[in-house]
Amino acid sequence: MTKIDKQRKDYLSWDEYFMGIAKLSALRSKDPSTQVGACIVSQDNRILSIGYNGTPNGYDDNEFPWDRDGNELETKYFYVCHAELNAILNFRGHKKDFENAKIYVDLFPCNECAKAIIQSGIKEVIYLSDKYKDKNNFIAAKKMFNQCNVKYRELKINKDKNIINIQLTN
C-alpha cells in the first residue's frame with residue numbers, strides 16, 4: 001500500500017474549502033431574507049479577506065430597515081453593503097495582493113460589485129448561484145467581466161460534501 005492509498009479521500013478541494021468559508025461568513029449576516037458571504041483568495045491559495053452582506057460600520061443594524069418591499073428609503077437596498085464589497089473594503093494589505101486573486105461568493109455579483117471586483121484586480125469569480133441572471137444589473141456584470149477578462153464560473157458541489165448547509169452544533 002502506497003502513502004497515497006492511505007490518504008483520506010473525502011477531503012475538501014480548494015474550491016470547496018474557500019466556498020465553505022464564504023458560506024460560514026454569510027452566517028454573520030442579519031439580513032432575514034438573503035445571507036451572502038465572500039472569500040477573497042490569492043493565486044497561491046491564501047485567504048486575503050472575507051465579508052458578508054450587512055450594514056456599513058457605524059450604522060446601528062438594530063435600526064436598519066431590513067424590508068425588501070415598500071418605500072425605497074425604508075428598504076434595505078440603499079443601505080446594505082454586499083459581501084463582495086465588504087470583503088474588498090475589509091482587506092488591510094496592499095492592493096497588489098489582489099492582482100490575479102479569486103473571489104468565492106454565494107450569489108453571482110451585481111454590477112456594482114463587479115465594478116469593485118474589476119477595479120481591485122481580482123481575476124476570477126467563483127459562485128454557487130446565478131438566480132438573478134435575467135436581471136439587467138447581473139447581465140451588465142457579465143458584460144463588464146467579459147470585457148475586462150475576469151473569469152467566472154459556477155462551482156458544482158459534490159452532494160456528499162455538506163458545505164452548502166453548514167450547521168454548527170455543540
Side-chain angles (χ1 to χ4, degrees), residues 15-42 47-95 97-98 101-148 150-155 157 163-168:
D15 282 345
E16 292 165 335
Y17 175 69
F18 295 129
M19 189 61 77
I21 291 169
K23 293 293 291 180
L24 186 61
S25 297
L27 294 177
R28 283 284 309 141
S29 175
K30 293 184 180 178
D31 188 327
S33 59
T34 308
Q35 300 80 46
V36 179
C39 180
I40 301 174
V41 179
S42 68
I47 296 171
L48 298 172
S49 189
I50 57 174
Y52 57 90
N53 61 316
T55 60
N57 291 338
Y59 197 116
D60 183 354
D61 54 23
N62 294 319
E63 301 297 318
F64 190 78
W66 289 108
D67 296 315
R68 292 174 61 132
D69 301 310
N71 177 323
E72 283 183 318
L73 290 174
E74 296 171 10
T75 67
K76 65 182 180 176
Y77 298 109
F78 284 164
Y79 308 101
V80 73
C81 290
H82 288 180
E84 303 92 325
L85 183 60
N86 265 332
I88 291 167
L89 295 174
N90 286 339
F91 181 62
R92 294 293 182 249
H94 299 291
K95 182 183 182 303
D97 295 334
F98 274 177
K102 302 176 277 192
I103 187 167
Y104 291 82
V105 65
D106 299 59
L107 292 175
F108 192 88
C110 70
N111 63 307
E112 293 299 322
C113 289
K115 292 180 218 176
I117 289 167
I118 292 164
Q119 285 296 97
S120 72
I122 294 170
K123 288 297 183 188
E124 186 172 9
V125 176
I126 299 97
Y127 62 93
L128 286 177
S129 173
D130 193 8
K131 71 180 182 178
Y132 300 116
K133 65 182 173 209
D134 296 326
K135 294 190 177 265
N136 285 340
N137 54 337
F138 294 88
I139 293 169
K142 286 183 180 141
K143 285 183 177 184
M144 286 187 282
F145 285 154
N146 291 338
Q147 182 68 34
C148 298
V150 174
K151 293 185 266 177
Y152 51 91
R153 63 184 165 92
E154 182 178 358
L155 179 59
I157 300 291
I163 69 164
I164 301 300
N165 299 314
I166 295 173
Q167 296 177 0
L168 302 176

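Positions are given from 1, in the same order as the sequence printed here.
Note that CD1 of Ile88 and SG of Cys81 are 11.5 Å apart. Values are rounded to the nearest 0.5 Å. Taking CG from Leu85 and CG from Asn90, the interatomic distance works out to 9.0 Å, rounded to the nearest 0.5 Å. Expressed to the nearest 0.5 Å, how far CD1 of Ile103 lies from CG of Leu48 amounts to 10.5 Å. For the atom pair Lys23 NZ and Gln35 CD, the distance stands at 8.5 Å (nearest 0.5 Å). A distance of 9.5 Å separates CG of Asp69 from OG of Ser33, quoted to the nearest 0.5 Å. Rounding to the nearest 0.5 angstrom, the gap separating the CG atom in Leu107 from the NE2 atom in His82 is 9.5 Å.
Contact check for Val150 versus Ile122: no side-chain heavy atoms found under the 4.5 Å cut-off. Residues Asn146 and Tyr152 form a side-chain contact, since some pair of their non-hydrogen atoms from C-beta on lies under 4.5 Å apart. Considering only heavy atoms from C-beta on, Glu84 comes within 4.5 Å of Ile117 through its side chain. By the 4.5 Å heavy-atom criterion applied to side chains, Arg68 and Thr75 are not counted as neighbours. Two residues are said to be in side-chain contact when any heavy atoms from C-beta on lie closer than 4.5 Å; Ile40 and Phe91 fail this criterion. Side-chain contact between Lys151 and Lys102: absent, with no pair of heavy atoms (C-beta onward) separated by less than 4.5 Å. For the pair Ile21 and Val41, the minimum side-chain heavy-atom distance is 4.5 Å or more.
In plain terms, the two heavy atoms of Ala87 and Gly51 that are nearest each other are CB-N, 3.7 Å. When every heavy atom of Ala26 is checked against every heavy atom of Gly37, the shortest pair comes out as CB-N, 3.4 Å. Nearest heavy atoms, Ala141 versus Ala114: CB-CB, 3.7 Å. Between Asn86 and Gly54, the shortest heavy-atom distance links the atoms ND2-N, 4.1 Å. Closest approach of Phe108 and Phe138 over heavy atoms only: O-CE2, 3.1 Å. Here the shortest heavy-atom pairing between Phe145 and Val125 reads CZ-CG2, 3.8 Å.
For residues 125-137, every residue pair satisfying the side chain to side chain donor-acceptor pair (under 3.5 Å) rule, not counting sequence neighbours, is listed here: Asp130-Lys142. For residues 107-123, the side chain to side chain donor-acceptor pair (under 3.5 Å) pairs, not counting sequence neighbours, are Glu112-Lys115.
Applying the 6.0 Å contact sphere to CG of Asn71 captures more than 12 heavy atoms from other residues, nucleotides or ligands.
Between Tyr79 and Phe64, the ring-plane angle classifies as perpendicular under the 30° and 60° cut-offs.
A donor-acceptor contact closer than 3.5 angstrom links the side chains of Asn53 and Ser29. At a cut-off of 3.5 Å, with distance as the only test, a side-chain donor of Tyr104 or Asp15 sits close to an acceptor on the other residue.
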